[in-house]
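Everything below concerns the one structure shown next.
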Amino acid sequence: MDNKTIAGIFDEIANILEIKGENRFKILAYSKAARIIEELGQDLADIYKKNPADLEKLPGIGKDLAQKIAELINTGSCAYHKQLLKGFPMGLLAMLKIRTMGPKKVKLFYNQLGIDSLPKLRQAAEEGKLQNLPRMGKKSEEEILRALDEIEKYSSRMPLVEALNIAPAIVDYMKKCESVKRVEYAGSARRKKETVGDIDILATGSSADKIIKFFIDYQEVANVIAHGDTKSSVILNTGVQVDLRVVPEKSFGAAFHYFTGSKDHNVALRQRAIDMGMKVNEYGLFKGKKQVAGKTESELYKALGLVYIPPELRENHGEIEAAEKKQLPHLVEMEDIKGDLHLHTNASDGSHPLEKVFKAYKKAGFKYIAITDHSPSVRVAGGMDSDGFKKQWKEIEKHNDENFRVLKGTECDILADGSLDLPDSLLKEMDIVIASVHSRFGMDEKEMTERVIKAIKNPLVNILGHPSARLIGQREPIALSFKKVFETAAKNKVALEINSQPSRMDLQDIYCKTAKEMGCVFAINNDMHLLDEMDNLQLGVSIARRGWLGKRDIVNTWSVEKLLEFFA
Ligand SMILES: [Zn+2]
Ligand SMILES: [Zn+2]
């Protein structure tokens, strides 16, 4: 468990205690500890692993809090926190997540008006009932309404990275249940969509009763909202809803398919079944009353005259037609990635020295990496000048060996006029040059397109970094004629980056297929600043798979020789 999660739980404890009107000092102790943990430059788990007694020595962390931290690290939850959550209205926790509201306001609204959910809060605000309460006013009431609008727009779905933390962990937990024969997660998490709504879990086994009981005993469950014979819905501590369905073994494939979606894919497949004189639903594929398929997904597709369609392609974007003609692409897989071409070290804004990054990648089985620290204009990110890079090259050369290549590179800034901020004479000496937009995001489409095109026409540029420059939930994509950019990139042998940072996920999946058809190649990069982020590469691979990309479309699945020859 990381510091951020632990701090979040301590914050939540402080908030609940405050709403419950508990002892002032106790509340302060938790909120203070949360701040300290957030700003601690060191991982609590590391400190604990070295010497558990050291936790107590941290400022603001006494014996009691040290025990709770140890409990969180060891078990993933804390009994005291769970006890506080029991019977505590979930709606109050949701209200705490509103930007302009702290525990004091939540408590006030709850005590004075009995508001314990977001819908009730909205109703009261719309009826003007909040503005007359102490320390409130018309303005604060309007702010709350605006914040509610924002929440409804963004937080009904979680980012993929969060879903991929939650869903496989539940599946692993459910596998420990003796009655379970098979368990999987379905839904948009399985299709690896950029954002995911609820988590859907499917299980089959000997006793639905026991499976459901085991499920609601999961340590992360905060509330059980529905509990039936074959279905249960719960809310996790994080506020995420998880639905479990227990299905008969002979229907598992059909249910797995049905609950994976997408809706459009399912509708198209249902029509196909009808056209073939059959009927498909979550129980199976039927001819009259007889089930002809449904135990596995492959069997289902086969009976409908199709090859197996990977979940990432199930959007009714031509995958059914391609499956009929056996023309589905062989999608890239995580194992295909041989190198990472976008990494930062502490020479610019990364957290680790080159040596540590190099060792981690070598150990993880990669064949090559490119070190691509920032160029001088990205001053906030510690961008380097020519001397800095030349100094770095000496260290890079030290690490190079036959089995593992460290490539000299940079993430070079594209200035407002489309020129680069490092001299060609320096870039010429580099193996990998990424060009990225990091400023003046507001340009209109014509200006911005010209800017980017000028940069990628520079023969020394190899990769266009995070092409749309969006930050999910924070910054909209820049205005760009993607068609013109793709055309130029293809012609100039510039690879389009698929940036794996959870806040970027850029290039987006929806553009990959078009760009590929226009002759573009891609680089699935981490853009790593922190070694903890290494696993994010799987997000990039998901984007590529949803974008119909195969191994040969991705330059960093190639050997380092082929890669350098292509960019030469
Ligand atoms: Zn960047
Ligand atoms: Zn970067």
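Remember, it's 1-based here, ligands and their atoms both numbered in the order they're listed.
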Quiz item: Given Asp509 and Lys193, is the salt bridge (Lys or Arg N to Asp or Glu O under 4.0 Å) satisfied, shown in steps?
Solution: CA-CA 9 Å; Asp509 50 15; Lys193 263 199 89 168; over 6 Å; no

Exercise. Kindly report the OD1-the Zn ion (ligand 2)-NE2 angle for Asp527 and His344 respectively, rounded to 10°.
Key: 90°

Exercise. Tell me, please, whether Trp558 has Lys562 positioned over its six-membered ring: NZ or CZ under 6.0 Å from the ring centre and within 45 degrees of its axis?
Key: yes

Practice problem: Among the N/O/S atoms of Glu411, select the one at the shortest distance from the Zn ion (ligand 1) and name it. | Solution: OE2

Quiz item: When rounded to the nearest 0.5 angstrom, what is the spacing between OG in Ser542 and CZ in Arg191?
Solution: 12.5 Å

Quiz prompt | Considering only N, O or S atoms of His438, the one closest to the Zn ion (ligand 1) | solution = NE2

Quiz prompt | Centroid-centroid under 6.0 Å between His466 and His438 rings | solution = yes

Quiz prompt | Contact check: His466 to the Zn ion (ligand 1), N/O/S below 2.8 Å | solution = yes

Quiz item: What about the rings of Phe358 and Phe404, do their centers lie closer together than 6.0 Å?
Solution: yes

Exercise. Indicate if the distance from the Zn ion (ligand 2) to the nearest N, O or S atom of His342 falls below 2.8 Å.
Key: yes

